[in-house]
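The basis for the numbers below is simple: all heavy atoms, side chains too, and nothing from hydrogens, waters or symmetry mates. Just so it is clear, the structure is predicted and the values come from calculations on it, not from any experiment. Note on naming: letters A, B, ... go to the chains in the order of the sequence lines (proteins, then strands), and numbering restarts at 1 for each one.
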Protein chains: 2
Amino acid sequence: MTDQAQIRVLSVDDHPLLREGIAAIINDQPDMVLTADASSGSEGIQKFRELRPDITLMDLRLPDMSGIDSLIAIRTEFSEARIIMLTTFEGDVEIQRALEAGARGYMLKSMPPRELVEVIRQVHAGKKRVPPEVAAHLAEHMSDEELTGREIDVLGHIAGGNRNRDIAEKLFISEETVKVHIKHIMDKLGASDRTQAVAIGVRRGIIQF
Amino acid sequence: MTDQAQIRVLSVDDHPLLREGIAAIINDQPDMVLTADASSGSEGIQKFRELRPDITLMDLRLPDMSGIDSLIAIRTEFSEARIIMLTTFEGDVEIQRALEAGARGYMLKSMPPRELVEVIRQVHAGKKRVPPEVAAHLAEHMSDEELTGREIDVLGHIAGGNRNRDIAEKLFISEETVKVHIKHIMDKLGASDRTQAVAIGVRRGIIQF
DNA sequence: AGAAAAACTACTCGATCGGGTGATGTTTTG
DNA sequence: CAAAACATCACCCGATCGAGTAGTTTTTCT
């Protein structure tokens, strides 16, 4: 044991198996200690209030609320909170949103433990860390315009197999307007038709099932 | 420690974090021991040959080959092998294929450890185990007809934003044939158009990105 | 070998889609 | 406040799609 204070880590993840793995790896590091873990967003927020960990590892998908909402909730209360998103690879939209919401790092569950603990150390030292593979993915689309809320609505209905007329009725707008939205969606996503737009939307995490 | 021989487990998963978690949980059980782990399909096959574990936990997605192919490879050589698929939730197609290929169990990474070890014990005792939530999903589509290889090809091309004519050229068939395939795909999946067919295909794990 | 499933091709026709152009009111934001 | 972004609606038109019908060849399974 060192005299130096250890990095106190909070892990928020609904997969018990993952939590076990994280616990094993964190506690294996002499300079870190897993202070607590939580299996839901609200539990994570509560544990954060109680313990004020140095680093919080947050899964993107949680049973009650999204990891991003939890992150925002914590950072509203404790703006200095250092939170790292830890997730299996989702679309780049999620990554971007997490970083915009103030995440200090973004790690993949598939990364080797050595890198994981290194990111924790770096973020604890005040740096921002996003692994190269994630950064590359992000860069690919950083110039792309984001879809608006309405466009995401429409895209979701397209994925449901709705015709333009059906979408128009469901959204209480004219079919012409739907067509305009679809045109914008295809332009922004670089899709050649509505079908590819859905495929891209799913891959990028814009719409989920 | 008991006199009874322990259940010797091999874990095949490319996520180090998951492997750590599995290791922690397995070794926590007095009647089990993690004999080895592997991070790829071929390594898994090799380790199986060497160690002949009682139970093999196999991830569905592996870097070199699919978990199902690994399962088949092992069971061709050792038909008595007891292999449990352990995965985050994919489409029901994968589950069905794994079970048809001879998997003795199918577990979700999100399941609580208690259930995981219980499944291992049950399978070791010669039973087949599929958790109720997975079984329910499976039952939903058990009556559905499966897509043929050609139909899956076509569906993939549809997802890529190809027009019927493009698909015809790429597959060296006539546009009319493509239309027939698409008709069959939509009928089998219960989709109202090509777009919904892609959405359903992705959700069910028939096509992947 | 014989039956069944899969793959293939052809034709018609109405429905739907997607591109182009142009315009108006509202909301957001610098 | 002014500019930009967003959301809305309309009309034209060619391209594409999907339904229906009908038939042949190849592959697979029993």
Side-chain angles (χ1 to χ4, degrees), chain A residues 72 93 96-97 100-101 141-202 206-207, chain B residues 72 93 96-97 100-102 141-201 206-207:
Chain A
I72 292 171
V93 174
Q96 197 144 21
R97 251 187 268 167
E100 281 165 6
H141 299 292
M142 67 170 187
S143 61
D144 293 4
E145 297 149 284
E146 276 182 33
L147 296 192
T148 66
R150 200 57 160 172
E151 284 161 358
I152 294 172
D153 281 351
V154 171
L155 186 55
H157 282 98
I158 296 175
N162 294 286
R163 295 169 309 162
N164 293 346
R165 193 183 309 158
D166 300 330
I167 299 172
E169 280 171 16
K170 288 179 183 175
L171 298 181
F172 305 107
I173 56 180
S174 85
E175 194 174 336
E176 297 306 317
T177 305
V178 173
K179 289 172 86 171
V180 173
H181 285 312
I182 294 176
K183 173 98 183 75
H184 290 159
I185 292 169
M186 292 192 299
D187 285 349
K188 287 181 181 177
L189 298 184
S192 58
D193 61 24
R194 55 172 50 215
T195 304
Q196 193 181 16
V198 167
I200 293 171
V202 170
I206 298 170
I207 50 176
Chain B
I72 293 171
V93 174
Q96 197 144 21
R97 249 187 271 167
E100 280 166 8
H141 300 290
M142 68 171 188
S143 61
D144 294 4
E145 298 151 283
E146 276 181 36
L147 296 193
T148 67
R150 201 55 159 174
E151 285 162 357
I152 293 172
D153 282 350
V154 171
L155 187 55
H157 282 97
I158 296 174
N162 293 286
R163 294 170 308 161
N164 293 345
R165 193 182 307 157
D166 299 330
I167 299 172
E169 280 172 17
K170 289 180 182 175
L171 297 182
F172 305 107
I173 57 181
S174 85
E175 194 174 336
E176 299 305 318
T177 305
V178 173
K179 289 170 95 172
V180 172
H181 285 311
I182 294 176
K183 174 100 185 73
H184 290 159
I185 291 169
M186 293 191 298
D187 285 349
K188 288 180 180 177
L189 298 184
S192 58
D193 61 25
R194 54 173 48 215
T195 304
Q196 194 182 15
V198 167
I200 293 172
I206 298 170
I207 51 176

Short side-chain to backbone donor-acceptor contact, B:Ser192 and A:Gly161, under 3.5 Å
yes
If you check every side-chain atom of A:Lys179, which of C:dG19, D:dA7, D:dG18 has the closest atom?
C:dG19
CG/B:Asp153 to CG/B:Leu171 distance, rounded to the nearest 0.5 angstrom?
6.0 Å
What distance do A:Asp166 atom CG and A:Glu175 atom CD have between them, rounded to the nearest 0.5 Å?
9.0 Å
Taking atom P of D:dT8 as reference, at what distance in whole Å does atom CD1 of A:Ile167 sit?
13 Å
Under 4.0 Å: is that the gap between some side-chain N or O of A:Arg150 and OP1 or OP2 of D:dT8?
yes
What is the distance, rounded to the nearest whole Å, between atom CZ of A:Arg194 and atom C1' of C:dC17?
7 Å
B:Asp187 has an atom CG; how far is it from atom P of D:dG18, in whole Å?
12 Å
Let's see if you can work this out: which of C:dA10, D:dG18, C:dA7 has an atom nearest to the side-chain heavy atoms of B:Ser174?
C:dA10
Rounded to whole Å, CG of A:Asp193 lies from P of C:dC17 at a distance of 11 Å
Identify which nucleotide among D:dG18, C:dC17, D:dA7 has an atom closest to any side-chain atom of B:Met186, counting heavy atoms from C-beta outward.
D:dG18
Minimum-distance nucleotide to B:Thr148 side chain [options: C:dA6, D:dA7, C:dG18]
C:dA6
Would you kindly give the NE2-to-C1' distance between B:His181 and D:dT26, to the nearest whole Å?
12 Å
Whether B:Gln196 side chain and A:Gly160 backbone form a donor-acceptor pair below 3.5 Å:
yes
May I have the distance from B:Glu151 (atom CD) to C:dA5 (atom C1'), rounded to whole angstrom?
11 Å
Atom pair distance, as rounded to whole Å: CG in A:Asn164 and C1' in C:dG18
9 Å
For the side chain of B:Ile182, counting heavy atoms from C-beta on, which of D:dA19, C:dG18, D:dG18 is nearest?
D:dG18
Nearest of D:dC9, C:dT9, C:dA7 to any side-chain atom of B:Val180?
C:dT9
Students often get this wrong, so: under 4.0 angstrom with heavy atoms, is A:His184 touching a base, only sugar-phosphate, or nothing?
nothing
So, taking the atom named NE2 in A:His181 and the one named CD1 in A:Ile173, what distance separates them when rounded to the nearest 0.5 Å?
4.5 Å
Do A:Glu176 and D:dC11 have a side chain to base donor-acceptor pair shorter than 3.5 Å?
yes
Donor-acceptor contact present, side-chain A:Asn164 to main-chain A:Val178, <3.5 Å:
no
Picking from D:dG20, C:dC8, D:dC17, which would you name as closest to the side chain of B:Lys183?
D:dG20
Between A:Arg165 and A:Ser192, whichever has its closest DNA chain C nucleotide further toward 5' is A:Arg165
Ranking B:Glu146 and B:Glu175 by the position along DNA chain C of their nearest nucleotide, the one closer to 5' is B:Glu146
Could you tell me the separation between the CZ atom of A:Phe172 and the P atom of D:dC9, rounded to a whole number of Å?
12 Å
On the nucleotide D:dT8, are OP1 or OP2 found under 4.0 Å from the side-chain N or O atoms that A:Thr177 carries?
no
